[in-house]
Asks: 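Mind having a look at this structure? Questions to follow.
Not measured: the values here are computed from a predicted model.
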Amino acid sequence: MRKKEFDYYIFIDYSEDLIGYNIIENNNVDKILPKISRFRHYKGSKDRKIYLQHIKDMIQREKIKSYFLKLKICDMRDNMEVFIDVLDFINKHDNCIIFICVDNNQYSNFKKLVGIVDGEKTKVVKESSLKKKSSEYQLSLILDNLLNIERRKR
């Protein structure tokens, strides 16, 4: 059992021309982690097509998406919509402690945006700073894989 540190976990990631985010409530983290233990970064897969098909099947079978409070994947040109959704969520949950992991390329700009809305109860980290095998790292792999599944589908 993990210690309760954050009320919500938000992950924002990119894959070529797609951007996405997901929000997971703390009480769902321990439920979802055993189901995603075999997830890894798409780029590290030897046979990427087979890996993604396996992960896609697992996501459906284990109903992984049902653990998210919110999930959105859209075209990169709609990235402001994603940022506004996340900032709105932070604003509505101003009494909560929130963890946000964002892609390295957008980290500094997004951190500034969050600072305008809430700089005290929200922790923004770069994706590259996550420790491998940590809960947060494993959770970030869900969105990474969902983005790659969607990208391959297009």
Side-chain angles (χ1 to χ4, degrees), residues 1-44 55-56 58-151:
M1 196 71 151
R2 293 173 314 99
K3 64 179 168 100
K4 182 185 186 291
E5 191 172 342
F6 298 100
D7 297 303
Y8 296 98
Y9 293 82
I10 301 175
F11 297 88
I12 303 171
D13 203 359
Y14 305 83
S15 179
E16 291 181 18
D17 59 343
L18 295 175
I19 182 173
Y21 78 94
N22 63 10
I23 301 173
I24 305 168
E25 286 183 88
N26 184 60
N27 61 351
N28 283 331
V29 171
D30 286 332
K31 297 173 189 171
I32 198 171
L33 283 173
K35 297 174 188 252
I36 61 168
S37 62
R38 298 186 70 195
F39 281 30
R40 60 181 182 255
H41 269 289
Y42 171 75
K43 290 179 182 176
I55 293 302
K56 182 180 176 184
M58 186 184 301
I59 287 170
Q60 290 173 346
R61 183 178 61 248
E62 299 291 341
K63 298 176 177 60
I64 299 294
K65 291 180 181 179
S66 69
Y67 292 96
F68 299 135
L69 186 63
K70 291 186 178 190
L71 169 68
K72 181 184 267 185
I73 295 175
C74 53
D75 291 322
M76 185 62 121
R77 67 178 179 267
D78 299 323
N79 68 342
M80 283 309 291
E81 183 180 331
V82 168
F83 290 166
I84 290 169
D85 285 355
V86 172
L87 293 173
D88 188 45
F89 182 85
I90 294 168
N91 206 25
K92 288 180 181 173
H93 295 85
D94 61 345
N95 60 337
C96 298
I97 301 169
I98 301 174
F99 174 91
I100 301 177
C101 175
V102 66
D103 187 82
N104 292 1
N105 296 327
Q106 297 296 321
Y107 171 77
S108 59
N109 292 331
F110 190 75
K111 186 165 176 64
K112 289 175 191 172
L113 280 173
V114 169
I116 294 169
V117 177
D118 173 64
E120 294 182 23
K121 292 186 178 181
T122 303
K123 180 178 182 179
V124 181
V125 299
K126 289 182 185 180
E127 186 177 21
S128 65
S129 71
L130 296 177
K131 293 180 182 161
K132 291 196 182 220
K133 308 236 179 193
S134 69
S135 301
E136 292 84 5
Y137 178 81
Q138 282 302 117
L139 292 170
S140 76
L141 293 177
I142 301 170
L143 185 58
D144 180 67
N145 283 295
L146 286 170
L147 284 166
N148 284 302
I149 290 167
E150 182 66 27
R151 184 177 52 79

Asks: Roughly how far apart are Ile19 CD1 and Asn79 CG, rounded to 0.5 Å?
Replies: 5.0 Å

Asks: Pair Val114, Ile116 - check side-chain contact (heavy atoms from CB on, under 4.5 Å), show working.
Replies: CA-CA 5 Å; Val114 169; Ile116 294 169; over 6 Å; no

Asks: Check whether any side-chain heavy atom of Leu18 lies under 4.5 Å from a side-chain heavy atom of Cys74, and answer yes or no.
Replies: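 With C-beta onward as the side chain, the pair stays apart.
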
Asks: Give me the atom names and distance for the closest heavy-atom approach of Tyr67 to Asn28.
Replies: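 Looking at all heavy atoms of both residues, the closest pair is O-ND2, 3.2 Å.
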
Asks: Nearest 0.5 Å, please: how far is CG in Asp78 from CE in Met80?
Replies: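 Interatomic distance, Met80 CE to Asp78 CG, rounded to 0.5 Å: 11.5 Å.
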
Asks: Shortest non-hydrogen contact from Leu147 to Gly20?
Replies: CD2-N, 3.8 Å

Asks: Would you name the heavy atoms of Met58 and Ile64 that are closest together and state the gap between them?
Replies: O-CG1, 4.2 Å

Asks: Please report the closest heavy-atom contact between Tyr137 and Lys131, naming both atoms and the distance.
Replies: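 That closest heavy-atom pairing would be CB-O, 3.2 Å.
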
Asks: Would you say the side chain of Phe68 lies within less than 4.5 Å of the side chain of Ile23, judging by non-hydrogen atoms?
Replies: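 When only atoms from C-beta onward are counted, Phe68 and Ile23 do not touch, as no gap falls below 4.5 Å.
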
Asks: If you compare all heavy atoms of Pro34 against all heavy atoms of Ser37, which two are closest, and at what distance to 0.1 Å?
Replies: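 Residues Pro34 and Ser37, closest heavy atoms: O-OG, 3.5 Å.
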
Asks: Determine yes or no for a side-chain-to-main-chain donor-acceptor pair under 3.5 angstrom, with Asp75 supplying the side chain and Arg77 the backbone.
Replies: no

Asks: Just verifying a value: how many Å separate Ile12 CD1 and Ile10 CD1, rounded to the nearest 0.5 Å?
Replies: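 Between Ile12 CD1 and Ile10 CD1, I get 7.0 Å after rounding to 0.5 Å.
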
Asks: Rounded to the nearest 0.5 Å, how far does CD1 of Ile59 lie from OG of Ser66?
Replies: 11.5 Å

Asks: Crowded around Lys65 NZ? As in, over 12 foreign heavy atoms under 6.0 Å?
Replies: no

Asks: So do Ser15 and Asp144 actually touch side chain to side chain, heavy atoms under 4.5 Å?
Replies: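 When only atoms from C-beta onward are counted, Ser15 and Asp144 do not touch, as no gap falls below 4.5 Å.
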
Asks: Should we count CZ of Arg61 as having more than 12 external heavy atoms under 6.0 Å?
Replies: yes

Asks: Listed by chain and number, what are the side chain to side chain donor-acceptor pair (under 3.5 Å) partners of Lys72, not counting sequence neighbours?
Replies: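 Residues passing side chain to side chain donor-acceptor pair (under 3.5 Å) with Lys72: Glu81, Asp85.
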
Asks: If you round to the nearest 0.5 Å, how far is NZ of Lys112 from CG of Asn109?
Replies: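 Reported value, rounded in 0.5 Å steps: 5.5 Å.
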
Asks: Does the side-chain contact (heavy atoms from CB on, under 4.5 Å) test come out yes or no for Leu139 and Leu33, once each step is laid out?
Replies: CA-CA 7 Å; Leu139 292 170; Leu33 283 173; 4.1 Å; yes

Asks: Report yes if the side chains of Glu25 and Tyr9 come closer than 4.5 Å at any heavy-atom pair, otherwise no.
Replies: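 Not in contact.
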
Asks: Can you tell me how far CD of Glu136 sits from NZ of Lys123, rounded to the nearest 0.5 angstrom?
Replies: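 It is 8.0 Å, given to the nearest 0.5 Å.
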
Asks: Please test Asn105 against Tyr14 for side-chain contact (heavy atoms from CB on, under 4.5 Å), starting from the C-alpha separation and ending with a verdict.
Replies: CA-CA 9 Å; Asn105 296 327; Tyr14 305 83; 5.9 Å; no

Asks: Under 3.5 Å, which donor-acceptor pairs link side chains of residues 86-102 to any protein atom two or more places apart or in another chain?
Replies:
from  : atom 1 : to    : atom 2 : distance (Å)
Asp88 : OD2    : Lys92 : NZ     : 3.3
His93 : ND1    : Phe89 : O      : 2.9

Asks: Indicate yes or no: at least one non-hydrogen side-chain atom of Lys111 is less than 4.5 angstrom from one of Leu113.
Replies: no

Asks: Stepwise, does the ring pair (Phe, Tyr, Trp, His ring centres under 6.0 Å) test hold for Phe11 with Tyr21?
Replies: CA-CA 5 Å; Phe11 297 88; Tyr21 78 94; over 10 Å; no

Asks: Name the one of Ile55, Asp13, Ile36 that satisfies side chain to side chain contact (heavy atoms under 4.5 Å, CB included) with Ile142?
Replies: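 Only match with Ile142 under side chain to side chain contact (heavy atoms under 4.5 Å, CB included): Ile36.
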
